[in-house]
Asker: 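Before I ask anything, let me first share the structure, which is written out below as structure tokens.
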Amino acid sequence: MIVWFSYVQIAVALVAGVFCLVSGFAGRKPNDFSLGATALVEVLLVAQLIVAIVSPAAGNPPQGDVLTFWVYMVSALLLPVAAVFWALIDRSKWSTVVLGVACLAIAVMVFRMNEIWLVQNV
């Protein structure tokens, strides 16, 4: 993982999560902005996946448990997809809240993946 990229990813996920939560609690149904913010978080996760595949070959191996990192990565990749699927099926304000919670969960998961990759020694 690249430190600055993971921090950007955490910041984008936090902004998207707060935006979706505020929109949802304000009574707004999922729209292009809330779904687009969640899609942006997913695109950044796919980029992080590519970085995680290429980094060990470039001399940047993970310091922590590789299995734990990849479980976090796969779970994080599935979470926004499931939230968007939910939002497309149930067009209520609570779907927007679900998008926000998913984005905030992604921020926490990326922080943890960064910690596993860079800091944790086993």
Side-chain angles (χ1 to χ4, degrees):
M1 290 184 66
I2 301 171
V3 177
W4 68 265
F5 184 69
S6 60
Y7 288 151
V8 167
Q9 191 173 3
I10 291 168
V12 168
L14 286 173
V15 169
V18 170
F19 169 72
C20 290
L21 281 177
V22 169
S23 295
F25 287 130
R28 296 193 176 158
K29 296 178 181 178
N31 56 22
D32 290 343
F33 296 115
S34 58
L35 292 170
T38 307
L40 177 61
V41 171
E42 179 70 18
V43 167
L44 291 174
L45 280 171
V46 170
Q48 190 69 267
L49 172 68
I50 294 167
V51 168
I53 291 170
V54 173
S55 283
N60 182 17
Q63 299 297 313
D65 186 27
V66 177
L67 179 62
T68 304
F69 174 82
W70 284 107
V71 169
Y72 270 98
M73 178 61 79
V74 171
S75 301
L77 284 166
L78 293 175
L79 195 57
V81 174
V84 167
F85 184 70
W86 176 311
L88 291 175
I89 291 175
D90 178 26
R91 305 289 290 179
S92 69
K93 72 175 189 175
W94 295 110
S95 297
T96 310
V97 172
V98 167
L99 291 171
V101 170
C103 288
L104 293 177
I106 294 300
V108 172
M109 293 174 84
V110 170
F111 180 81
R112 180 66 180 126
M113 286 188 293
N114 194 35
E115 187 178 62
I116 292 169
W117 193 278
L118 299 172
V119 178
Q120 182 180 6
N121 266 331
V122 177

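Keep in mind that this is a model prediction, so the values were computed, not measured.
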Asker: Looking at side-chain heavy atoms only, is the closest gap between I106 and T38 below 4.5 Å?
Answerer: no
Asker: Hydrophobic clusters here meaning ILVMFWY residues chained together by side-chain heavy-atom distances under 4.5 Å, can you tell me if W86 and V101 are in one?
Answerer: no
Asker: If I compare all heavy atoms of E42 with all of P80, which pair ends up nearest, and what's the gap?
Answerer: OE1-CG, 3.0 Å
Asker: Please tell me whether F85 and L40 are part of a single hydrophobic cluster in this structure, the criterion being side-chain heavy atoms less than 4.5 Å apart.
Answerer: no
Asker: Closest heavy-atom contact between D65 and I116?
Answerer: O-CG2, 3.6 Å
Asker: Specify the closest pair of heavy atoms between L45 and M113, including all atoms of both residues, with the distance to one decimal.
Answerer: CD2-CE, 4.5 Å
Asker: Is any side-chain heavy atom of Q48 less than 4.5 Å from a side-chain heavy atom of S6?
Answerer: yes
Asker: Do you know which two heavy atoms are closest between C20 and T96, and how far apart they sit?
Answerer: O-CG2, 3.2 Å
Asker: Linking I/L/V/M/F/W/Y whenever their side-chain heavy atoms sit closer than 4.5 Å, directly or via other members, would V41 and Y7 fall into one cluster?
Answerer: yes
Asker: Run L104 and V108 through side chain to side chain contact (heavy atoms under 4.5 Å, CB included) and show every step you take.
Answerer: CA-CA 7 Å; L104 293 177; V108 172; 6.0 Å; no
Asker: Measure across W117 and N60 and return the closest heavy-atom pair with its distance rounded to 0.1 Å.
Answerer: CZ2-O, 3.0 Å
Asker: Locate the shortest heavy-atom distance separating R91 from P30; write the atom from each residue and the value.
Answerer: NH2-O, 2.9 Å
Asker: In the single-linkage hydrophobic clustering (I, L, V, M, F, W, Y; side-chain heavy atoms under 4.5 Å), do V15 and L21 co-cluster?
Answerer: no
Asker: Got S75 and V71 here, is their nearest side-chain heavy-atom distance under 4.5 Å?
Answerer: yes
Asker: Got L79 and M109 here, is their nearest side-chain heavy-atom distance under 4.5 Å?
Answerer: yes
Asker: V84 and V110: same hydrophobic cluster, using ILVMFWY side-chain contacts below 4.5 Å?
Answerer: no
